[in-house]
There are 2 protein chains.
Amino acid sequence: MIMNESASKRSKWVLHQCCIRSDSRSEKTRRQLLEAAFNEIYEYGFQAASLSRILKNAGVTKGALYHHFSSKFDLGYAVVDEIIATSIEDFWIKPLRDAEDPIETFTQLMYKAAEETGMEMLRLGCPLNNLAQEMSPIDAGFRERLERIFSSWREALANALRGAQERGQVRKDIDPEQTAIFVLAALEGCVGSAKAAQRMDVLYACGNGLIHYLNGLRVVQEG
Amino acid sequence: MIMNESASKRSKWVLHQCCIRSDSRSEKTRRQLLEAAFNEIYEYGFQAASLSRILKNAGVTKGALYHHFSSKFDLGYAVVDEIIATSIEDFWIKPLRDAEDPIETFTQLMYKAAEETGMEMLRLGCPLNNLAQEMSPIDAGFRERLERIFSSWREALANALRGAQERGQVRKDIDPEQTAIFVLAALEGCVGSAKAAQRMDVLYACGNGLIHYLNGLRVVQEG
DNA sequence: ATTGACATACCGACCGGTATGAATGTAGGC
DNA sequence: GCCTACATTCATACCGGTCGGTATGTCAAT
């Protein structure tokens, strides 16, 4: 028992010592709140998200929540900044930087997304777009944060397309910025259509349409 | 004996039977409820729509509402069936039937939509898609109704494309059904992107991208 | 007298948010 | 090393307000 006490005490002390890190007790609680909030918002949207359900799923109480976040909106903003933004950045944006063949890269990312989160995406759509559709018209805080994500996504794709143009992979008669805007819109439209229909075949048909469009951007091959 | 009943009684009977007329006091109240409910749902979504706000805007009380509709869901379903479905049918579907040049027709409808409801559409998006994105994953009643609308929209566009193929206006190497699915997804994606950004230039860039894609479906002209 | 078409008043459930206090560390003086 | 003073980190209880829904009353038209 004594050993137990001292051991646990020391480990906690060391733990706290070496970590402003994310494995302190406080940070862990905060993490659980963020993840539970993300799931709740993903499932029901922000407005219909229930704090009590979030607390139940996070396994903490309301005191903990309002210690870490000042309001429901503050929690929602943190979900956008710390979960949605980073996951879009990691999954979609980073691979586009210095991609040898951006059209191939983007297509592969679509397949990868369908593989990894197919069922969830079919049922619930894209978390980023869901939140943008719900909150952009009615709250500037959400709109600015979400649009910042979309904006860097579009920028990354436009840059990739411009690079491919310069390397002679993509037709020179298309505008990279406009094309990037349309491609992301079409992508979100495809996910949304499949979600609306709740049918996998719609997702596939739509995805193929988009891939077909993307390949149409390549320089015409003679032969 | 039934025939012997007075003419007025019979006409009322028929009237009550069919509920065709819209100038009775009851039908007017119902209509006001439907329109106020549509506006509220369009602005806030179904889940966040407030019955008290609907009642205030309709100028009636809760008794009237629950006389005409059995629940909030029943009201929402009626909005889909009697407002959204008919407006999509009138605006987008009917013009596609026996259109001489469906690509031209569709493009013109996009311009017309931007003209007629530009500001509102920029701020709040497409009522049909909004509701589908919000409710399809979590309520079968909404999903079936909304998907029925999408389905006939897609069917009308696919038929129009097939007709254009047969008339030699559209390339024969594209699949009308898949193309229709993609075009509607892209359209909703464009509206959604503009709404998310709350920027008109995104709507224009995106619309031009879609129009460019549509024109790419035409048979290649020599010259 | 009965019925359709509402209006009014009210209900329990749940909402987001707060006030309070109890553990649980944590830094500084000795 | 130990005790005290303080700061974090939560748990509990509770708040006013709004939610969708219901029960009952009213009143004109049959």
Side-chain angles (χ1 to χ4, degrees), chain A residues 5-34 36-37 40-41 44-56 58-79 139 141, chain B residues 5-13 15-17 19 21-34 36-37 40-41 44-56 58-79 135 139 141:
Chain A
E5 229 176 41
S6 65
S8 74
K9 200 139 194 165
R10 192 170 64 91
S11 73
K12 273 196 187 166
W13 192 78
V14 169
L15 197 102
H16 186 268
Q17 190 77 335
C18 61
C19 302
I20 309 162
R21 312 292 321 168
S22 61
D23 49 351
S24 77
R25 195 170 70 102
S26 171
E27 277 302 308
K28 187 182 165 191
T29 301
R30 195 187 135 90
R31 250 297 158 199
Q32 283 170 336
L33 279 167
L34 277 177
E40 175 79 8
I41 291 172
Y44 299 100
F46 176 77
Q47 299 180 98
S50 157
L51 288 187
S52 28
R53 274 198 301 257
I54 292 174
L55 297 175
K56 199 176 61 183
V60 299
T61 63
K62 202 166 278 191
L65 199 164
Y66 279 91
H67 171 73
H68 288 283
F69 305 97
S70 64
S71 68
K72 189 190 182 187
F73 273 87
D74 190 35
L75 174 62
Y77 292 164
V79 166
D139 183 79
Chain B
E5 294 285 352
S6 70
S8 71
K9 194 136 197 170
R10 193 166 64 94
S11 73
K12 280 256 177 86
W13 170 249
L15 182 136
H16 185 267
Q17 189 84 334
C19 280
R21 307 291 311 205
S22 61
D23 53 346
S24 78
R25 196 169 72 102
S26 172
E27 275 303 306
K28 187 180 166 193
T29 300
R30 193 186 136 90
R31 203 64 202 153
Q32 283 169 335
L33 278 167
L34 277 178
E40 175 80 9
I41 292 172
Y44 299 100
F46 177 77
Q47 300 181 95
S50 157
L51 287 187
S52 28
R53 272 198 303 257
I54 292 174
L55 297 175
K56 199 175 60 183
V60 299
T61 63
K62 202 165 279 194
L65 198 165
Y66 280 90
H67 173 74
H68 289 283
F69 305 97
S70 64
S71 67
K72 190 190 181 186
F73 272 88
D74 191 35
L75 174 62
Y77 293 163
V79 166
M135 300 305 293
D139 183 78

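Letters go in sequence order (proteins before strands), and every chain restarts at 1.
Here B:Phe69 pairs with B:Arg30, B:Leu33, B:Leu34, B:Leu65, B:Asp74, B:Leu75, B:Ala78 under the side-chain contact (heavy atoms from CB on, under 4.5 Å) rule; sequence neighbours left out.
The main-chain N or O of A:Ala49 is found under 3.5 Å from a side-chain atom of A:Lys72 such that the two form a donor-acceptor pair. A donor-acceptor contact shorter than 3.5 Å links the side chain of B:Glu40 to the backbone of B:Ser50.
Looking at every heavy atom in both residues, A:Ile41 comes nearest to A:Gly76 through CD1-CA, 4.3 Å. The two atoms that bring B:Val60 and B:Gln32 nearest to each other are CG1-OE1, 4.5 Å, heavy atoms only.
B:Tyr66 has its OH atom 14 Å from the C1' atom of C:dC10, to the nearest Å. Between the P atom of C:dG16 and the CZ atom of A:Phe69 lies a distance of 15 Å, rounded to the nearest Å. A straight line from CG of A:Leu55 to P of C:dC14 spans 15 Å, rounded to a whole angstrom.
For the atom pair A:Tyr77 OH and A:Asp139 CG, the distance stands at 3.5 Å (nearest 0.5 Å). Note that CE of B:Met135 and CZ of B:Phe73 are 4.5 Å apart. Values are rounded to the nearest 0.5 Å.
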Would you list the protein and nucleotides 15-19 of chain D atom pairs, both N or O, that sit under 3.5 Å from each other?
{"residue": "D:dC19", "atom": "OP1", "partner": "B:Ser50", "partner atom": "OG", "Å": "2.9"}
{"residue": "D:dC19", "atom": "OP2", "partner": "B:Ser52", "partner atom": "OG", "Å": "2.8"}

Heavy-atom protein contacts under 4.0 Å, nucleotides 8-13 of chain D, coded B base, S sugar-phosphate only, - none: -BBBB-
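Between A:Glu27 and A:Arg31, every side-chain heavy-atom pair lies at or beyond the 4.5 Å cut-off.
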